[in-house]
Amino acid sequence: MPELPEVETSRRGIAPWVEKQTVKTVVVRDRRLRWPVPADIDRKLAGTTIDRVHRRAKYLLFETASGTMLMHLGMSGSVRIIEADEPAMKHDHVDVLLASGKALRFRDPRRFGCLLWAEEPLEHPLLRDLGPEPLADDFDGDYLWRRARGRKVSIKPFIMNANIVVGVGNIYASEALFGAGIHPRRQAGRVSAERMNLLADAIKAVLQRAIRAGGTTLRDFSGGDGEPGYFRQQLDVYERAGRPCRRCETPISAVVLGQRSSYYCKRCQR
DNA sequence: ACTGGCACCTGGGCGC
DNA sequence: TGCGCCCAGGTGCCAG
């Protein structure tokens, strides 16, 4: 899926077209997402105005006066602005038709995403136990170090755990660990406070760079305006197994960790 | 409390 | 061209 930079890129792409817009109606073609789209989503949204589009972790939050539509893009989801009469293709599951004549179209071939309604979104079970935002000030090396006390899990799945910190997916976890010079299989509890500082900084840096580039181009992803992201060519290790490390020329290694493929330089990362 | 493993689902790429 | 296999950006849930 879209990782955090892709979700943030999508949010920025759609926000100008959606904020302050009144919803005409919601068309649900297939409600079988990870959880069923609520049967009354149209009743909740029709006639209300979307005041703001926020992001929390990888969720997009469409805020209205009466509640919030939660959207998650899963592994293969995308959202974009279209003309309301544009014909729907396969996997275009939901349209939110706007007073402007445009529509917000949600597409998700694998249907791992979701579209829900909550009156108090931050208290929703899916959101309430999430860790800090990686780009916020309350996320730093000291926080990571404290949370890692006594943890035996490898550092890579540790930073991918949304309960620890949100928004670090499989691509950027590998990239951040390369940036910090930490081996992905090192136990979280055995990373020094000093190196946790490097790691927190590397997570922030890689996410910010990716957002600036408009996200990483992947099979299904494009931003709200339909333009692909350009970060992929800047990746240091992800999907670069066997190719030379950009720092030391050693061939990049691949290993499976927590059922996810992981990439690293065995010379630069310890 | 923590950990690892499985599940959900579709499609693309590969080797034969 | 077709078939079977493996892999893919996430994350909730389960048993141990």
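Reminder, nothing fancy here: chain letters follow the sequence lines and each chain counts from 1. The figures here come from the full heavy-atom set of this structure, side chains too, leaving out hydrogens, waters and symmetry mates.
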Query raised in the report: Given atom NZ of A:Lys90 and atom C1' of B:dG12, what is their separation to the nearest angstrom?
Result: 13 Å
Please list each protein N or O that sits under 3.5 Å from an N or O in nucleotides 12-16 of chain C, with the distance.
| from | atom 1 | to | atom 2 | distance (Å) |
| --- | --- | --- | --- | --- |
| C:dG12 | O4' | A:Arg34 | NH2 | 2.8 |

**Report entry** Residue-level proximity of residues 174-182 of chain A to DNA chain C when a heavy atom falls under 4.0 Å
**Finding:** none
Report task. For A:Met160 and C:dA8, give me the distance from atom CE to atom P, rounded to whole Å. Result -> 11 Å
I'd like a table of donor-acceptor pairs (distance under 3.5 Å, sequence neighbours excluded) in which one partner is a side-chain atom from residues 31-44 of chain A, with atom names and distances.
| from | atom 1 | to | atom 2 | distance (Å) |
| --- | --- | --- | --- | --- |
| A:Arg31 | NH1 | A:Val37 | O | 2.7 |
| A:Arg31 | NH1 | A:Pro38 | O | 3.3 |
| A:Arg32 | NE | A:Asp30 | OD1 | 3.1 |
| A:Arg32 | NH2 | A:Asp30 | OD2 | 3.0 |
| A:Asp42 | OD1 | A:Thr25 | OG1 | 3.0 |
| A:Asp42 | OD1 | A:Val26 | N | 2.8 |

Requested in this report: Rounded off to whole Å, could you give me the CE-to-C1' distance for the A:Met75 and B:dT10 pair?
Outcome: 11 Å
Query raised in the report: Say you draw a straight line from CD1 of A:Ile171 to CG of A:Leu207; how long is it, rounded to the nearest 0.5 Å?
Result: 11.0 Å
Report task. Nearest whole angstrom, please: distance from the P of C:dG10 to the OH of A:Tyr238. Result -> 8 Å
Report task. Please state whether the phosphate of C:dT11, meaning OP1 or OP2, lies under 4.0 angstrom from any side-chain nitrogen or oxygen of A:His72. Result -> yes
Query raised in the report: Under 3.5 Å, is there a donor-acceptor pair between the side chain of A:Gln21 and the main chain of A:Ile50?
Result: no
Query raised in the report: In terms of side-chain heavy atoms of A:Arg111, which of C:dA8, B:dC9, C:dT11 is nearest?
Result: B:dC9
Requested in this report: Work out which heavy atom in A:Leu257 is nearest to a heavy atom in A:Ser154; give both atom names and the distance.
Outcome: CD2-OG, 3.7 Å
Query raised in the report: Can A:Phe112 be said to stack with the base of B:dC8, given centres closer than 5.5 angstrom and planes under 30 degrees apart?
Result: yes
Requested in this report: List in chain and number order the residues that pass ring pair (Phe, Tyr, Trp, His ring centres under 6.0 Å) with A:Tyr264, two or more places apart in sequence or in another chain; answer none if no residue qualifies.
Outcome: A:His183
Report task. Output every pair passing salt bridge (charged side-chain N to carboxylate O under 4.0 Å, His left out) with a member in residues 254-270 of chain A, not counting sequence neighbours, ordered by first then second residue. Result -> none
Query raised in the report: What integer number of Å spans the P atoms of C:dT11 and B:dA1?
Result: 22 Å
Query - 5'-most by nearest nucleotide on DNA chain C - A:Ser261 or A:Ala57 - result: A:Ser261
Query raised in the report: Which pairs, with at least one residue in residues 11-21 of chain A and sequence neighbours excluded, count as a salt bridge (charged side-chain N to carboxylate O under 4.0 Å, His left out)?
Result: A:Glu8-A:Arg11, A:Glu8-A:Arg12, A:Glu19-A:Arg52
Report summary line: Applied to residues 136-150 of chain A, the salt bridge (charged side-chain N to carboxylate O under 4.0 Å, His left out) test, sequence neighbours excluded, yields A:Asp142-A:Arg146
**Report entry** Whole-Å gap separating C1' (B:dA1) and CG (A:Asn163)
**Finding:** 11 Å
Requested in this report: Examine distances only and state if a side-chain atom of A:Arg55 and a backbone atom of A:Ala57 form a donor-acceptor pair shorter than 3.5 Å.
Outcome: yes
Query raised in the report: Sequence neighbours excluded, which residues qualify as ring pair (Phe, Tyr, Trp, His ring centres under 6.0 Å) partners of A:Tyr59?
Result: A:His72
Query - salt bridge (charged side-chain N to carboxylate O under 4.0 Å, His left out) contacts in which one or both residues fall within residues 242-259 of chain A, not counting sequence neighbours - result: A:Asp236-A:Arg246
Query raised in the report: Under 4.0 Å between a side-chain N/O of A:Arg260 and OP1 or OP2 of C:dG10, yes or no?
Result: yes
Report task. State, to 0.1 Å, how close A:Leu199 and A:Ala176 come at their nearest heavy-atom pair, and which atoms those are. Result -> CD1-O, 4.1 Å
Show each protein N/O and nucleotides 3-5 of chain B N/O combination with a separation under 3.5 Å, one pair to a line.
| from | atom 1 | to | atom 2 | distance (Å) |
| --- | --- | --- | --- | --- |
| B:dT3 | OP1 | A:Lys152 | N | 2.6 |
| B:dT3 | OP1 | A:Val153 | N | 2.9 |
| B:dT3 | OP2 | A:Arg151 | NE | 2.7 |
| B:dT3 | OP2 | A:Arg151 | NH2 | 2.8 |
| B:dG5 | OP2 | A:Gln259 | OE1 | 3.3 |
| B:dG5 | N7 | A:Gln259 | NE2 | 3.4 |

Report task. Kindly state each residue pair satisfying ring-ring contact (aromatic ring centres under 6.0 Å, His included) with at least one member in residues 116-151 of chain A, sequence neighbours excluded. Result -> none
Query raised in the report: When the distance from CZ of A:Arg32 to C1' of B:dC8 is rounded to whole Å, what number comes out?
Result: 12 Å
Query raised in the report: Taking both distances under 3.5 Å as the test for a Watson-Crick or G-U pair, what stems of at least three pairs does DNA chain C have?
Result: B:2-8 with C:10-16, B:10-16 with C:2-8
Report task. Spell out, as yes or no, whether a donor-acceptor pair under 3.5 Å connects the side chain of A:Arg29 to the backbone of A:Asp92. Result -> yes
Query - Between C1' of C:dG10 and CG of A:Asp108, the distance in whole Å - result: 11 Å
Report task. Would you mind reading off the distance between A:Tyr172 atom OH and C:dG10 atom P, rounded to a whole angstrom? Result -> 10 Å
